[in-house]
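What follows is a single structure, written as structure tokens, with notes after it.
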There are 2 protein chains.
Amino acid sequence: MTDQSVIFGIAMAEKRREKRDPQQRRAEILASAFACFAERGFAATRMEDVAARAGIAKGTVYLHFPDKDALFTELVSGVASPILGQMGEFVANESITPRFAVSMFYALFRREVLETDRRHLLRLILAEGPMFPAVAEFYHREIISRGLGVLRILLGRAAARGELRNPKIVETPQLVMAPPLLSIIWTTLFEPYEHLDTQKLFDTFLDTLFVPAEDLSEGGTQ
Amino acid sequence: MTDQSVIFGIAMAEKRREKRDPQQRRAEILASAFACFAERGFAATRMEDVAARAGIAKGTVYLHFPDKDALFTELVSGVASPILGQMGEFVANESITPRFAVSMFYALFRREVLETDRRHLLRLILAEGPMFPAVAEFYHREIISRGLGVLRILLGRAAARGELRNPKIVETPQLVMAPPLLSIIWTTLFEPYEHLDTQKLFDTFLDTLFVPAEDLSEGGTQ
DNA sequence: GGTGATAATGACCGACCAGTCAGTCATATT
DNA sequence: AATATGACTGACTGGTCGGTCATTATCACC
């Protein structure tokens with residue numbers, strides 16, 4: 001039995017080497033790295049894990065990425081832009097009210113980040129950021145900085161229309177990002193112990209930020 | 001030269017073995033571990049670093065802590081309580097307005113956490129939390145849970161007095177913690193690229209949360 | 001069906017580090 | 001002064017893992 005099964009085992013498990021389009025291989029490796037890093041963090045993830053999950057040998061990973069750091073950096077750099085694109089569109093369209101734009105951003109964030117595995121990636125950036133200045137710098141430049149720019153326009157418009165309960169918010173647009181940030185931390189850290197209703201969190205914050213609809217349209221600034 | 005300097009070197013660098021009160025040793029090790037973990041993170045900190053910084057040999061650390069995990073867990077568990085004590089007092093005292101209590105909490109947080117090395121510890125908890133469920137659980141139970149309890153009382157009182165612009169906040173007291181959380185992340189991640197005025201951040205949020213003083217005292221709920 | 005070019009493999013190397021333990025020595029005790 | 005104690009030391013071990021490279025498989029094209 002031993003002999004036979006071993007032989008069969010080997011025959012069956014025989015590695016099918018498969019050449020791939022380099023682009024596709026890269027993507028597969030990145031997908032695998034995403035999963036590994038997301039569930040175990042940077043330090044605890046072994047290159048061999050990444051390779052195994054992608055169904056290839058360790059050496060192959062190094063044909064596509066110079067080292068572990070580069071793999072990580074490339075990974076986290078390629079995850080955020082799409083959302084920001086959406087935001088830009090909302091702002092360009094002046095017929096959309098600021099409140100609606102922000103609420104759409106929150107909805108987008110919930111659907112595309114909080115409720116997907118991307119939330120783990122985002123948390124990873126927060127966690128490992130200080131160890132990877134390049135990542136932190138990239139995120140600030142590409143995401144945060146732009147996001148704040150968009151928010152400033154949006155909040156400025158809202159203030160001009162008298163839609164903000166506290167117009168000074170325009171000067172600290174970071175506040176708008178605080179609830180999403182809290183939700184990321186909470187859901188990845190405390191969710192097992194206490195559930196957080198993020199829908200309610202965001203809705204409540206919106207109601208706090210913007211004046212109620214019924215109090216509007218009776219003159220702006222004053 | 002070689003001989004002499006070596007001899008002198010040895011003589012000068014001669015390790016002074018020094019016995020200590022175990023309590024004190026423990027404290028020294030914890031202090032050293034604090035510094036090491038804060039500046040390099042959990043994975044990148046070597047037990048030898050911790051020992052060297054405490055001026056002792058590696059083995060000695062293991063006389064006081066069973067392993068690296070235990071050292072870390074013990075460390076982060078012992079950092080948070082004092083602030084919460086203060087908060088408790090503010091709440092007990094009904095003559096203090098809710099707004100003032102929250103603003104004192106923010107001030108305390110800035111002075112005792114944001115502007116000290118403790119901010120790195122707090123960030124460490126956020127970053128490594130998922131790897132140490134015991135830590136996350138401890139923090140939820142001892143800090144978050146209690147903090148939310150205090151906030152619920154405070155916000156409830158504020159709502160009853162008509163001091164909240166949006167009384168629904170009572171149901172999501174987590175929102176009050178969002179700005180401090182943001183400030184921690186920001187200052188430890190993006191500060192090199194863009195300064196955040198935390199004083200202004202907190203003040204603006206307070207002004208958004210609570211109705212302005214001049215609008216008060218003309219009847220509560222309605 | 002041969003042949004060069006290239007992708008893929010995985011055994012291997014060496015640096016690194018948590019944790020151990022046999023031995024040392026400062027101090028207390030007698 | 002002799003002895004006992006146990007806190008302290010640091011060389012060592014066992015294991016892990018990032019990164020390399022000689023070898024092998026696959027493919028495209030003659």
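What's counted below: heavy atoms across the whole structure, side chains too, no hydrogens, waters or symmetry copies.
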> Between CG of A:Leu201 and CG of A:Leu182, what distance do you get to the nearest 0.5 Å?
Replying inline: 6.0 Å
Whole angstrom value for the distance that separates [atom2] of [N] from [atom1] of [X]:
| X | N | atom1 | atom2 | result |
| --- | --- | --- | --- | --- |
| B:Gln23 | D:dA7 | CD | P | 13 Å |
| A:Lys58 | C:dC12 | NZ | P | 13 Å |
| B:Tyr62 | D:dA11 | OH | C1' | 15 Å |
| B:Ile56 | C:dC25 | CD1 | C1' | 17 Å |
| B:Asp49 | C:dC17 | CG | P | 8 Å |
| A:Glu28 | C:dA7 | CD | C1' | 14 Å |
| A:Phe72 | D:dG18 | CZ | C1' | 16 Å |
| B:Phe65 | C:dT20 | CZ | C1' | 18 Å |

Pairs under 3.5 angstrom only: tabulate donor-acceptor contacts from the side chains of residues 169-177 of chain A to other protein residues two or more places apart or in another chain.
| from | atom 1 | to | atom 2 | distance (Å) |
| --- | --- | --- | --- | --- |
| A:Glu171 | OE1 | B:Lys200 | NZ | 2.9 |

>> Given C:dA8, C:dA18, D:dC17, identify the nucleotide with an atom nearest to the side chain of A:Arg46.
In response: D:dC17
> Which one, C:dA8, C:dA18, C:dG10, comes nearest to the side chain of A:Leu63?
Replying inline: C:dA8
>> Within the 4.0 Å heavy-atom criterion, would you say A:Lys68 contacts the bases, only the backbone, or no part of the nucleic acid?
In response: sugar-phosphate
> B:Arg110 and B:Thr198: side-chain donor and acceptor closer than 3.5 Å?
Replying inline: yes
> Should B:His64 be listed as having a side-chain N or O under 4.0 Å from OP1 or OP2 of D:dA7?
Replying inline: no
> Between A:Thr60 and C:dT9, does any side-chain N or O lie under 4.0 Å from OP1 or OP2?
Replying inline: yes
>> Both A:Asp67 and B:Arg25 contact DNA chain D. Which one's nearest nucleotide lies toward the 5' end?
In response: B:Arg25
> For A:Gly59 and A:Glu48, take the nucleotide of DNA chain D holding the closest heavy atom to each; which residue's nucleotide lies nearer the 5' end?
Replying inline: A:Glu48
> Which of parallel (below 30°), tilted (30 to 60°) and perpendicular (above 60°) describes A:His140 and B:Phe190?
Replying inline: tilted
> Taking it one step at a time, do A:Glu39 and A:Arg53 satisfy salt bridge (Lys or Arg N to Asp or Glu O under 4.0 Å)?
Replying inline: CA-CA 13 Å; A:Glu39 79 185 23; A:Arg53 196 149 186 162; 3.3 Å; yes
